[in-house]
> 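This structure is in structure tokens; I'll ask about it shortly.
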Amino acid sequence: MNVFENLREGKHYHILDEDYQREVHGEIDRCRHLCHLINSTDPLEKEKILQLEKELFNGNLPENTFLTPPVQIDCACRVFLGKNVFANHGLTVMSVGTITVEDGVMFGPEVGLFTVNHEPQNIRVIMTKEILIKKNAWIGARVNILPGVIIGENAIIGTGSIVTKDIPDNAVAVGNPARVVKMID
């Protein structure tokens with residue numbers, strides 16, 4: 001198993017671990033470079049941006065899925081996007097712990113997805129938990145989703161919310177921490 005798979009299985013890594021440095025930081029460097037190219041491309045050059053985004057995701061960018069620059073994704077090899085996903089500008093993704101975004105999900109501007117945390121007793125040791133965002137969820141502007149969270153199908157997360165726990169299907173959640181305030185019929 002590689003470092004990414006070990007992290008998915010719950011193994012913790014010291015950030016100076018040789019394998020972690022080679023595998024994870026190699027991917028981070030690759031993604032930083034491609035994000036830089038995407039973010040510095042003229043917005044009118046849509047085809048060039050799309051080609052760079054495809055390269056960022058190793059050719060695995062489903063149909064009608066688009067991320068509006070600027071974006072910052074550290075480990076695109078651990079991000080799995082469905083069809084018809086749209087992310088507005090300013091998406092920040094720390095995905096070493098794996099993120100799955102199903103079909104039809106929409107992200108408002110400046111959303112953050114974070115799969116990584118640090119051991120309290122040794123902040124140089126990282127641990128991860130996956131994030132899953134189910135079909136047709138709508139994530140409002142400046143929402144932050146923390147490690148281990150599942151956002152339910154058709155759920156709506158209100159602007160500025162910080163999601164620390166799972167949100168069920170068809171729920172509207174808001175606040176810090178985000179709480180369900182309404183169910184959608």
Side-chain angles (χ1 to χ4, degrees), residues 1-41 48-63 65-103 105 107 110-135 137 139 143-151 162-166:
M1 289 199 335
N2 67 27
V3 171
F4 293 109
E5 291 164 345
N6 286 333
L7 285 164
R8 278 187 88 189
E9 295 295 318
K11 183 174 180 179
H12 300 183
Y13 275 90
H14 193 285
I15 60 173
L16 297 179
D17 178 273
E18 192 175 298
D19 292 332
Y20 179 86
Q21 285 284 314
R22 183 182 65 257
E23 292 179 38
V24 174
H25 282 272
E27 174 67 358
I28 288 171
D29 290 344
R30 182 187 79 82
C31 292
R32 277 186 183 158
H33 172 70
L34 287 166
C35 286
H36 169 75
L37 293 175
I38 291 166
N39 296 338
S40 61
T41 299
K48 182 177 179 184
I49 292 170
L50 187 58
Q51 286 307 116
L52 289 166
E53 288 179 350
K54 284 181 182 175
E55 187 177 346
L56 179 66
F57 291 100
N58 296 311
N60 299 318
L61 192 65
E63 76 178 70
T65 290
F66 186 76
L67 311 177
T68 305
V71 296
Q72 189 57 53
I73 300 171
D74 66 353
C75 293
C77 73
R78 302 309 308 161
V79 178
F80 303 97
L81 299 172
K83 296 176 189 170
N84 301 308
V85 171
F86 174 77
N88 213 318
H89 66 276
L91 180 67
T92 298
V93 178
M94 296 182 71
S95 53
V96 68
T98 304
I99 295 172
T100 302
V101 178
E102 294 183 351
D103 297 346
V105 171
F107 295 101
E110 299 179 14
V111 167
L113 307 174
F114 306 101
T115 65
V116 180
N117 209 337
H118 296 263
E119 288 271 353
Q121 292 78 25
N122 184 350
I123 61 171
R124 295 198 173 28
V125 174
I126 70 155
M127 51 194 180
T128 67
K129 290 184 181 174
E130 293 184 49
I131 291 173
L132 170 61
I133 303 173
K134 293 184 177 180
K135 289 181 182 178
I139 312 301
V143 167
N144 288 305
I145 300 175
L146 300 187
V149 168
I150 297 172
I151 304 292
I162 299 178
V163 187
T164 61
K165 293 186 166 81
D166 294 352

> Tell me which one of Leu7, Val24, Val116 satisfies side chain to side chain contact (heavy atoms under 4.5 Å, CB included) with Cys75.
Val24
> Tell me whether the count of non-hydrogen atoms from other residues, nucleotides or ligands lying under 6.0 Å of CG in Leu16 goes above 12.
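Atom CG in Leu16 is crowded, with more than 12 foreign heavy atoms closer than 6.0 Å.
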> Looking only at non-hydrogen atoms, find the nearest pair between Val105 and Lys134 and report the distance.
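Taking Val105 first and Lys134 second, the nearest heavy atoms are CG2-O, 3.3 Å.
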> Between Arg30 and Ala76, what is the shortest heavy-atom contact and its length?
NH2-CB, 4.1 Å
> Testing the basics here: between Ile150 and Asp166, what is the closest heavy-atom pair and its distance to 0.1 Å?
N-OD1, 2.9 Å
> So, for Ile99 and Val93, which heavy atoms are closest and what is the spacing to 0.1 Å?
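In terms of heavy atoms, the two residues are closest at CD1-CG1, 3.5 Å.
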> Does the Asp74 side chain pair with the main chain of Ser95, one donor and one acceptor, at a distance under 3.5 Å?
yes
> Look at the rings of Phe86 and Phe66 and say which category their plane angle falls in: under 30° parallel, 30 to 60° tilted, over 60° perpendicular.
parallel
> Does CZ belonging to Arg22 count more than 12 external heavy atoms closer than 6.0 Å?
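Count over threshold, so yes.
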> Within the structure provided, determine whether Glu53 and Ile38 are in side-chain contact (heavy-atom separation under 4.5 Å).
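Yes - at least one pair of side-chain heavy atoms lies under 4.5 Å apart.
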> More than 12 heavy atoms of other residues, nucleotides or ligands under 6.0 Å from NE2 of His36: is that the case?
no
> With a 3.5 Å distance limit and no angle check, can you tell me whether Asn2 reaches the backbone of Phe4 through a side-chain donor-acceptor pair?
yes
> Got Leu50 and Leu61 here, is their nearest side-chain heavy-atom distance under 4.5 Å?
yes
> Give a yes or no on whether the backbone of Pro147 and the side-chain of Thr115 come within a donor-acceptor separation of less than 3.5 Å.
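Checking the backbone N and O of Pro147 against the side chain of Thr115, no donor-acceptor pair under 3.5 Å is found.
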> Given side chains that start at C-beta, do those of Phe80 and Thr98 come closer than 4.5 Å, heavy atoms only?
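Result yes, sub-4.5 Å side-chain heavy-atom pair found.
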> Could you go through the side chain to side chain contact (heavy atoms under 4.5 Å, CB included) check for Phe107 and Leu67 one step at a time?
CA-CA 9 Å; Phe107 295 101; Leu67 311 177; 5.9 Å; no
> Verify the neighbour count for atom NE2 of His33: are there more than 12 heavy atoms of other residues, nucleotides or ligands below 6.0 Å?
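Check fails, neighbour count at 12 or below.
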> What is the minimum heavy-atom distance between Pro69 and Asn39, and which atoms define it?
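It is CB-OD1, 3.8 Å.
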> Starting at SG of Cys35, measure out to CD1 of Ile28 and round the result to the nearest 0.5 Å.
11.5 Å
> If you round to the nearest 0.5 Å, how far is CD1 of Ile145 from CD1 of Ile139?
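One gets 4.0 Å once the value is rounded to the nearest 0.5 Å.
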> Find the distance between OG1 (Thr41) and CG (Leu37) and round it off to the nearest 0.5 Å.
6.5 Å
> Quick one, Phe114 and Leu146 - any side-chain contact, counting heavy atoms below 4.5 Å?
yes
> Report the distance from atom CD1 of Ile73 to atom CD of Glu27, rounding to the nearest 0.5 Å.
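The distance works out to 10.5 Å.
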> Keeping the roles fixed (side chain from Glu23, backbone from Val3), state whether a donor-acceptor pair exists under 3.5 Å.
yes
> With rounding to the nearest 0.5 angstrom, report the NE2 to CD1 distance, His118 to Ile15.
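Interatomic distance, His118 NE2 to Ile15 CD1, rounded to 0.5 Å: 7.0 Å.
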> So among Thr128, Asp19, Asn6, which one has a side chain to side chain donor-acceptor pair (under 3.5 Å) with Tyr13?
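Exactly one pass, corresponding to Asn6.
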> Taking Asp103 for the side chain and Lys83 for the main chain, is one N or O donor matched with an acceptor at less than 3.5 Å?
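A pair under 3.5 Å: yes.
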> Ignoring hydrogens and geometry, is there a side-chain-to-backbone donor-acceptor pair from Thr65 to Val85 under 3.5 Å?
yes
> Side chains of Glu9 and Lys11: does their closest heavy-atom pair fall under 4.5 Å?
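Result no, sub-4.5 Å side-chain heavy-atom pair not found.
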> Looking at every heavy atom in both Leu81 and Pro62, which two are closest together, and how far apart are they?
O-CG, 2.9 Å
> Below 4.0 angstrom, N of the basic side chain to O of the carboxylate: do Arg8 and Glu5 qualify?
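No, this pair does not count.
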> Would you find a donor on one side and an acceptor on the other, under 3.5 Å apart, between the side chain of Asn144 and the backbone of Ile162?
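Answer holds: no.
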> Rounded to the nearest 0.5 Å, what's the gap from CD on Glu63 to CG on Asn84? Could you check?
6.5 Å
> Counting C-beta onward and ignoring hydrogens, is there a side-chain heavy-atom pair between Arg32 and Gln72 closer than 4.5 Å?
yes
